[in-house]
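The structure appears below as structure tokens.
Keep in mind that the numbers below use all heavy atoms, side chains included, and drop hydrogens, waters and symmetry copies.
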Amino acid sequence: MRTVFLGAYGYGNLGDELCLIEALQAFPTSDAHAFSVNPSWTMRCVPDLAGCFPGGEEMLALNPARIVFGGGMFGVVDAFRYWMPYLARAMAAGAEIHLHNLGVARLASDQCWPDATARHVFANLASLSVRDPLSIQFLAEVGIAQLPRITFFPEAKIAADPALAESLVGPPREGGPKLLGISIIPSAKMRDCLRHDAHRVVAALAEFVSYTIVPIVSTIHVTSTEEDDMTGVIDFLQTFIPNAPIVAPLLLDRAFWLTNMTPRRLKGLIARCDVMVTQRKHNAIHAIGAGVRVIGLHPLTDDSLRRTFTTLTNDLPPGSLCIGLDRETTSDRPAAT
């Protein structure tokens, strides 16, 4: 059965390709094709693919028998607006349509995309599942009556590839240094939070002053500098723990990362850590799946990481917590003179 997979693939975020690996396991096929803006990247991360395509018309030309729309936080207005007409045309041609493991954003600010075409697609889906309870609420707010199944981030169960971790970090050994993974997104919002709530970050890190750092980079975005985790990790370390020893500095070499990193290898690195400090939800998911204690740091105004922790609360390793950081407000600023 030829199956096509739609998601935010090829953009340089290993979390999205992790979701694609899970989707291939959930919908096995010997003839899998995926949308991607960077086919070589996606096919290196997910070698079971037969090929990639760049858009809706190319997808329809493949004449798929099944379409799996998902891949993490793909339940956003722009994705629904673009893909729903193509899904409707494929459905009319006889394709099964599955919305799978979908992360849904707040949709109520745009009431135009759930038009008659979109509602027809939703009403005739072969299956509908979302990854967290809040996604159900956000669909309901725009009048989608179908009740999804909740998947609870099944990509947490994807097996790790330990080879890269063993070559760069070495195997665990008795009396070896404790390892602290660090992953931060360098967005303007997060930078504001790290400045404003620096004292809370310092307090959260105090327990780990003797640890060796493993720089965890899961995204080098193809277009957005605010989604460049390598910059985020380097800036965070320089600000909060500038003298900490770093293991595997090659992980901060951009060319090495782009050539060698995959979702499974990333999980292998996180699995070697004793503790993971992260703003990236899929690094938290890797840690939870590997049984590694995880400390989440995130802006209070962004619910992405918080949704992950609450959805997987029953699986959190002991000592895990999620810390919401505040930004500077008008009352915090000194008065003009």
Where [X] and [Y] come nearest, the two heavy atoms and their spacing:
{"X": "I21", "Y": "V46", "answer": "CG1-CG2, 3.9 Å"}
{"X": "T278", "Y": "M276", "answer": "CB-CE, 3.8 Å"}
{"X": "N101", "Y": "C19", "answer": "ND2-SG, 4.5 Å"}
{"X": "C52", "Y": "L49", "answer": "SG-CD1, 4.2 Å"}
{"X": "N13", "Y": "W41", "answer": "N-CZ2, 4.3 Å"}
{"X": "V209", "Y": "A206", "answer": "CG1-O, 3.3 Å"}

Is a donor on one side and an acceptor on the other found under 3.5 Å between the side chain of [X] and the backbone of [Y]?
{"X": "S135", "Y": "G103", "answer": "no"}
{"X": "D197", "Y": "R200", "answer": "no"}
{"X": "N124", "Y": "H120", "answer": "yes"}
{"X": "K281", "Y": "F309", "answer": "no"}
{"X": "R119", "Y": "G143", "answer": "yes"}
{"X": "R254", "Y": "M230", "answer": "no"}
{"X": "T311", "Y": "T308", "answer": "no"}
{"X": "R131", "Y": "I150", "answer": "no"}
{"X": "K267", "Y": "I158", "answer": "yes"}
{"X": "R307", "Y": "D132", "answer": "no"}

Would you indicate whether the side-chain heavy atoms of [Y] and [X] approach each other to under 4.5 Å?
{"X": "T3", "Y": "V68", "result": "yes"}
{"X": "V294", "Y": "I288", "result": "yes"}
{"X": "F35", "Y": "F69", "result": "no"}
{"X": "L321", "Y": "I323", "result": "yes"}
{"X": "E226", "Y": "P186", "result": "no"}
{"X": "L325", "Y": "H196", "result": "no"}
{"X": "D274", "Y": "L180", "result": "no"}
{"X": "W257", "Y": "L14", "result": "yes"}

Quiz item: So, do H98 and F27 have ring centers that fall under 6.0 Å from each other?
Solution: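 Between F27 and H98, which both carry aromatic rings, the centre distance is below 6.0 Å.
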Practice problem: Start with the C-alpha distance between Y9 and F74, add both sets of side-chain angles, then the distance that settles ring-ring contact (aromatic ring centres under 6.0 Å, His included), and finish with yes or no. | Solution: CA-CA 10 Å; Y9 305 133; F74 203 52; 7.2 Å; no
Find the distance between [atom1] ([X]) and [atom2] ([Y]) and round it off to the nearest 0.5 Å.
{"X": "F80", "Y": "T117", "atom1": "CZ", "atom2": "OG1", "answer": "14.5 Å"}
{"X": "I97", "Y": "L87", "atom1": "CD1", "atom2": "CG", "answer": "5.0 Å"}
{"X": "L252", "Y": "I234", "atom1": "CG", "atom2": "CD1", "answer": "5.0 Å"}
{"X": "L312", "Y": "L316", "atom1": "CG", "atom2": "CG", "answer": "7.0 Å"}
{"X": "L102", "Y": "S129", "atom1": "CG", "atom2": "OG", "answer": "7.5 Å"}

[Y]/[X] salt bridge by N-O under 4.0 Å criterion:
{"X": "D110", "Y": "R81", "answer": "yes"}
{"X": "R106", "Y": "D303", "answer": "yes"}
{"X": "D192", "Y": "K189", "answer": "no"}

Practice problem: Report the C-alpha separation of L6 and I67 in whole Å, then their side-chain angles, then the decisive distance to 0.1 Å, and conclude whether the side-chain contact (heavy atoms from CB on, under 4.5 Å) test is met. | Solution: CA-CA 7 Å; L6 305 180; I67 299 173; 3.8 Å; yes
Quiz prompt | ring-ring contact (aromatic ring centres under 6.0 Å, His included): pairs with one or both residues in residues 267-303, sequence neighbours excluded | solution =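 For residues 267-303, and leaving out neighbouring residues, there are no ring-ring contact (aromatic ring centres under 6.0 Å, His included) pairs at all.
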Practice problem: Applying side-chain contact (heavy atoms from CB on, under 4.5 Å), run through V217 and M261 and close with a yes or a no. | Solution: CA-CA 9 Å; V217 176; M261 195 61 70; over 6 Å; no
Exercise. Please step through side-chain contact (heavy atoms from CB on, under 4.5 Å) for the pair I270 and N283, ending with a clear verdict.
Key: CA-CA 8 Å; I270 292 173; N283 293 341; 3.8 Å; yes
Practice problem: For R44, check side chain to side chain donor-acceptor pair (under 3.5 Å) against everything at least two apart and list the hits. | Solution: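 So R44 forms no side chain to side chain donor-acceptor pair (under 3.5 Å) with any residue.
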Just checking, any donor-acceptor pair under 3.5 angstrom between side chains of [X] and [Y]?
{"X": "D31", "Y": "H33", "value": "yes"}
{"X": "S40", "Y": "N38", "value": "yes"}
{"X": "S183", "Y": "Q279", "value": "no"}

Exercise. Show your reasoning for whether side-chain contact (heavy atoms from CB on, under 4.5 Å) applies to V247 and I213.
Key: CA-CA 6 Å; V247 71; I213 304 303; over 6 Å; no
Exercise. Sequence neighbours left out, what pairs pass salt bridge (Lys or Arg N to Asp or Glu O under 4.0 Å) with at least one residue falling in residues 49-70?
Key: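 Only E57-R89 qualify under salt bridge (Lys or Arg N to Asp or Glu O under 4.0 Å).
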Quiz item: Parallel under 30°, tilted from 30 to 60°, perpendicular over 60°: which one fits the rings of F208 and Y211?
Solution: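 Aromatic pair F208/Y211 classed perpendicular.
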Quiz item: Can you list the residues that meet the ring pair (Phe, Tyr, Trp, His ring centres under 6.0 Å) rule with Y82, with sequence neighbours excluded?
Solution: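 Testing Y82 for ring pair (Phe, Tyr, Trp, His ring centres under 6.0 Å), a comparison that skips the adjacent residues, returns Y86.
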Quiz item: With sequence neighbours excluded, what pairs up with H221 under the ring pair (Phe, Tyr, Trp, His ring centres under 6.0 Å) test?
Solution: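 Applying ring pair (Phe, Tyr, Trp, His ring centres under 6.0 Å) to H221 gives Y11.
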Quiz item: Name the one of I184, I185, L266 that satisfies side-chain contact (heavy atoms from CB on, under 4.5 Å) with R280?
Solution: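 Among I184, I185, L266, the one that satisfies the side-chain contact (heavy atoms from CB on, under 4.5 Å) with R280 is I185.
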Practice problem: For R265, check salt bridge (Lys or Arg N to Asp or Glu O under 4.0 Å) against everything at least two apart and list the hits. | Solution: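 Only D161 meet the salt bridge (Lys or Arg N to Asp or Glu O under 4.0 Å) criterion with R265.
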